[in-house]
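Read the structure below first, then the notes.
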Amino acid sequence: MDRANTYVAASRHKDESHIFCNRHEIEECIPDSNRDMSKLTDKREEMLVRLMSKDNLVSLATEKLSIEMDL
C-alpha cells in the first residue's frame, strides 16, 4: 500500500481505523543483514512506515520525453 492508498483508506473513518498487514510480506522486504531477532518488531514497523510512505506516482512517457529534450 503506497502513500495515496494509505491516506484514502485511513481518512474514510470518523472515529478510528485499523490497518491489517501480513507480517511475512513485510519481513521479506527487510534486508537479511538487518534481521536481528531482538529488534525484528521495530524493523517491521520501520519497513511498514517506509512502504506506506512511498509515492508510486505514475508519469507519462511524454513527460519523460519533454525532460530529456530540454537537456
**Request:** Measure the spacing between CZ of R50 and CD1 of I30 and express it to the nearest 0.5 Å.
**Result:** 9.0 Å

I'd like a table of donor-acceptor pairs (distance under 3.5 Å, sequence neighbours excluded) in which one partner is a side-chain atom from residues 12-21, with atom names and distances.
| unit_1 | atom_1 | unit_2 | atom_2 | d |
| --- | --- | --- | --- | --- |
| H13 | NE2 | A9 | O | 3.4 |
| E16 | OE2 | H18 | NE2 | 3.1 |

**Prompt:** Are the side chains of R44 and R23 in touch, meaning some heavy atoms are under 4.5 Å apart?
**Reply:** yes

**Prompt:** Can you tell me how far CE of M47 sits from CD of E27, rounded to the nearest 0.5 angstrom?
**Reply:** 11.0 Å

**Request:** Kindly give the heavy-atom pair with the smallest separation between K54 and D2, and that separation in Å.
**Result:** O-CB, 3.3 Å

**Message:** Quick check for you: to the nearest 0.5 Å, what is the distance between H24 atom NE2 and I26 atom CD1?
**Reply:** 10.5 Å

**Message:** Distance check, rounded to the nearest 0.5 Å: E46 atom CD versus T41 atom OG1?
**Reply:** 11.0 Å

**Item:** salt_bridge(D55, R3) N-O dist < 4.0 Å
**Value:** yes

**Item:** Linked, directly or transitively: L51 and Y7 (ILVMFWY side chains, under 4.5 Å)
**Value:** no

